[in-house]
Q: 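One structure follows; several queries about it will come next.
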Amino acid sequence: MTATLADVAARAQVSPATVSRVLNGNYPVAAATRERVLRAVDELDYVLNGPASSLAAATSDLVGILVNDIADPFFGIMAGAAQAAIGEERGAREKLSVICNTGGSPERELTYLTLLQRQRAAAVIVTGGALEDSAHQAAVGAKLARLADAGTRIVLCGRPPVPGDSVTATLAFDNRGGGRRLTEHLIGLGHRRIGYVAGPTERTTTRHRLEGHRAALEAAGLARTLDARVVHGSYDRRSGYDAALELLRQEPELTALVAANDTVALGACAALRDRGLSVPGDVSVAGFVDLPFSADAVPALTTVRLPLYEAGARAGRLALGLEPAPPGGIATVHGELMVRASTAPPRTL
């Protein structure tokens with residue numbers, strides 16, 4: 001049932017006139033009162049002008065694209081490709097796509113979904129891994145369901161599926177498979193002492209790539225010391241640098257490092273160089289994603305290529321209904337192992 005302005009007023013314990021003043025921003029309201037009203041709006045998913053049934057059933061020409069960090073090439077490439085695909089349409093199907101940069105904040109992610117609902121967005125594309133938090137996942141699922149009920153098309157790109165039937169299409173990256181193939185490559189070269197620089201513990205992407213790494217080690221009978229060779233951090237260069245030094249401190253005889261992504265891998269390479277170690281002569285290093293700089297690094301980085309641009313463009317077409325949804329609404333996007341100069345057999349062979 002659609003919430004009304006009166007419902008918001010009752011929840012916030014203020015008059016309907018006060019709610020209108022807060023939402024319109026045309027009259028001074030005490031900060032505490034304003035906060036109560038906005039909290040009630042969020043809790044009830046109140047949509048401005050929502051009571052009008054004609055508005056509730058209609059959508060605008062707006063497409064929202066949610067990203068964690070637009071400065072991160074992982075998100076920038078997908079978002080840019082989605083915008084390019086959306087921008088190809090002209091005439092009655094033409095849409096305005098906007099980037100919603102959450103900064104990795106769960107609260108901001110929910111806020112953007114609420115704002116897009118108020119704007120009656122034609123479509124919403126959510127990119128990247130999800131937060132490993134059941135309460136937040138339930139809240140996101142509820143927001144997406146309300147958007148879908150209002151006629152908004154929902155596309156997940158590089159994000160795991162969510163329960164229910166609110167999502168038009170999900171393009172899920174095979175992070176487990178890619179993580180496994182990367183580690184199998186190192187094992188095939190003869191490496192047995194392999195360290196892992198993982199991403200943040202609270203992200204699904206981190207868990208899935210680490211599960212693939214673990215599966216490869218287990219299949220080779222090498223999983224006994226896995227946990228002692230994993231250091232978690234952010235998806236940035238500094239994290240890779242610090243984690244590589246910590247892994248070397250724990251086990252100076254490491255012959256290979258697997259990084260959560262290519263940016264982290266470059267940080268690890270820098271740490272190795274600063275310790276007087278060569279890549280791959282002393283330690284092999286591998287990344288994940290195949291960002292544009294990976295092939296031009298020195299040495300060129302072995303990694304798993306995720307088709308970011310292709311996935312983003314497909315997400316844009318799905319958001320506009322220009323391409324049919326995959327069977328069952330879910331398509332698995334596989335990565336490709338890119339073997340380059342940063343990995344080689346260990347010197348002990």
Side-chain angles (χ1 to χ4, degrees), residues 175-201 203 205-291 293-295 297-304 335 337-349:
N175 285 306
R176 289 188 185 88
R180 178 164 186 158
R181 285 191 294 277
L182 199 60
T183 301
E184 286 175 341
H185 164 67
L186 291 170
I187 293 171
L189 290 173
H191 292 281
R192 297 297 180 267
R193 295 186 294 275
I194 305 172
Y196 193 94
V197 184
T201 56
R203 289 287 166 181
T205 300
T206 298
R207 176 168 58 85
H208 293 164
R209 291 178 187 173
L210 187 53
E211 286 174 351
H213 174 69
R214 183 188 297 272
L217 293 177
E218 289 177 344
L222 300 173
R224 183 174 58 85
T225 58
L226 169 64
D227 293 336
R229 292 175 177 163
V230 176
V231 175
H232 288 270
S234 303
Y235 287 120
D236 57 34
R237 180 187 180 280
R238 184 74 219 185
S239 175
Y241 188 98
D242 293 341
L245 292 180
E246 175 60 22
L247 285 166
L248 287 172
R249 186 192 66 79
Q250 293 177 10
E251 188 165 349
E253 301 304 315
L254 284 178
T255 65
L257 286 176
V258 179
N261 68 14
D262 298 338
T263 305
V264 172
L266 289 192
C269 288
L272 293 169
R273 286 195 300 271
D274 288 350
R275 286 286 299 270
L277 299 172
S278 68
V279 178
D282 296 306
V283 181
S284 288
V285 176
F288 207 108
V289 177
D290 196 24
L291 294 174
F293 58 75
S294 301
V298 180
L301 190 63
T302 291
T303 185
V304 170
L337 179 64
M338 309 297 291
V339 178
R340 299 190 179 115
S342 69
T343 53
R347 284 181 173 174
T348 53
L349 282 184

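What's counted below: heavy atoms across the whole structure, side chains too, no hydrogens, waters or symmetry copies. We number each residue from 1, following the sequence as shown.
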Q: Could you check Arg209 against Leu182 for side chain to side chain contact (heavy atoms under 4.5 Å, CB included), going step by step and ending with a plain yes or no?
A: CA-CA 10 Å; Arg209 291 178 187 173; Leu182 199 60; over 6 Å; no

Q: Checking the side chain of Arg340 only, and the main-chain atoms of Leu301 only, is there a donor and an acceptor separated by less than 3.5 Å?
A: yes

Q: Quick check: does any side chain N or O of Ser342 sit under 3.5 Å from a backbone N or O of Ala286, one acting as donor and the other as acceptor?
A: no

Q: Does Gly335 offer a backbone N or O that forms a donor-acceptor pair with the side chain of Arg181 under 3.5 Å?
A: yes

Q: State, to 0.1 Å, how close Ala244 and Leu257 come at their nearest heavy-atom pair, and which atoms those are.
A: CB-CD1, 3.9 Å

Q: Is His232 close to Leu210 at the side-chain level, that is, under 4.5 Å between some pair of heavy atoms?
A: yes

Q: Provide the closest heavy-atom pair for Gly199 versus Tyr235 in the form atom of the first, atom of the second, distance.
A: CA-CE2, 3.7 Å

Q: Could you tell me if Thr343 and His185 have a donor-acceptor pair between their side chains, going purely by distance under 3.5 Å?
A: yes

Q: Using side chain to side chain contact (heavy atoms under 4.5 Å, CB included) as the criterion, list what pairs up with Leu217, not counting sequence neighbours.
A: Thr183, Ile187, Ile194, His213, Leu222, Ala223, Leu226

Q: Which residues pass the side chain to side chain contact (heavy atoms under 4.5 Å, CB included) test with Ala219, sequence neighbours left out?
A: Arg180

Q: How would you list, by chain and number, every residue that makes a side chain to side chain contact (heavy atoms under 4.5 Å, CB included) with Ser278, sequence neighbours excluded?
A: Asp282, Arg347

Q: Show every salt bridge (Lys or Arg N to Asp or Glu O under 4.0 Å) that has at least one partner inside residues 252-279, sequence neighbours left out.
A: none

Q: Could you check whether Arg249 pairs with Glu246 (Lys NZ or Arg NE/NH1/NH2 to Asp/Glu carboxylate O, under 4.0 Å)?
A: yes

Q: Would you give the length of the straight line joining atom CG of Asp290 to atom OG1 of Thr302, rounded to the nearest 0.5 angstrom?
A: 10.0 Å

Q: Among all residues two or more places apart in sequence or in another chain, which pass the side chain to side chain contact (heavy atoms under 4.5 Å, CB included) test with Asp236?
A: Ser234, Arg238, Ser239

Q: If I take atom CG from residue Leu186 and atom CZ from residue Arg192, how far apart are they, to the nearest 0.5 angstrom?
A: 10.5 Å

Q: Could you go through the side chain to side chain contact (heavy atoms under 4.5 Å, CB included) check for Leu272 and Leu248 one step at a time?
A: CA-CA 9 Å; Leu272 293 169; Leu248 287 172; 3.6 Å; yes

Q: Drop me the distance from Arg193's CZ to Glu251's CD, to the nearest 0.5 angstrom.
A: 6.5 Å

Q: With side chain to side chain contact (heavy atoms under 4.5 Å, CB included) as the test, would you mind laying out the steps for His208 and Arg203 before giving the verdict?
A: CA-CA 9 Å; His208 293 164; Arg203 289 287 166 181; over 6 Å; no

Q: Is Thr303 reaching over with its side chain to a backbone N or O of Met338, donor-acceptor style, under 3.5 angstrom?
A: no

Q: To check you understand the geometry: which heavy-atom pair defines the closest contact between Gly240 and Val197, and what is its length?
A: CA-CG1, 4.2 Å

Q: Could you tell me which non-hydrogen atom of Phe288 sits nearest to which non-hydrogen atom of Gly178, and how far apart they are?
A: CE1-C, 3.6 Å

Q: Determine yes or no for a side-chain-to-main-chain donor-acceptor pair under 3.5 angstrom, with His191 supplying the side chain and Ala344 the backbone.
A: yes

Q: Side chain to side chain donor-acceptor pair (under 3.5 Å) with Tyr196: which residues, sequence neighbours excluded?
A: none

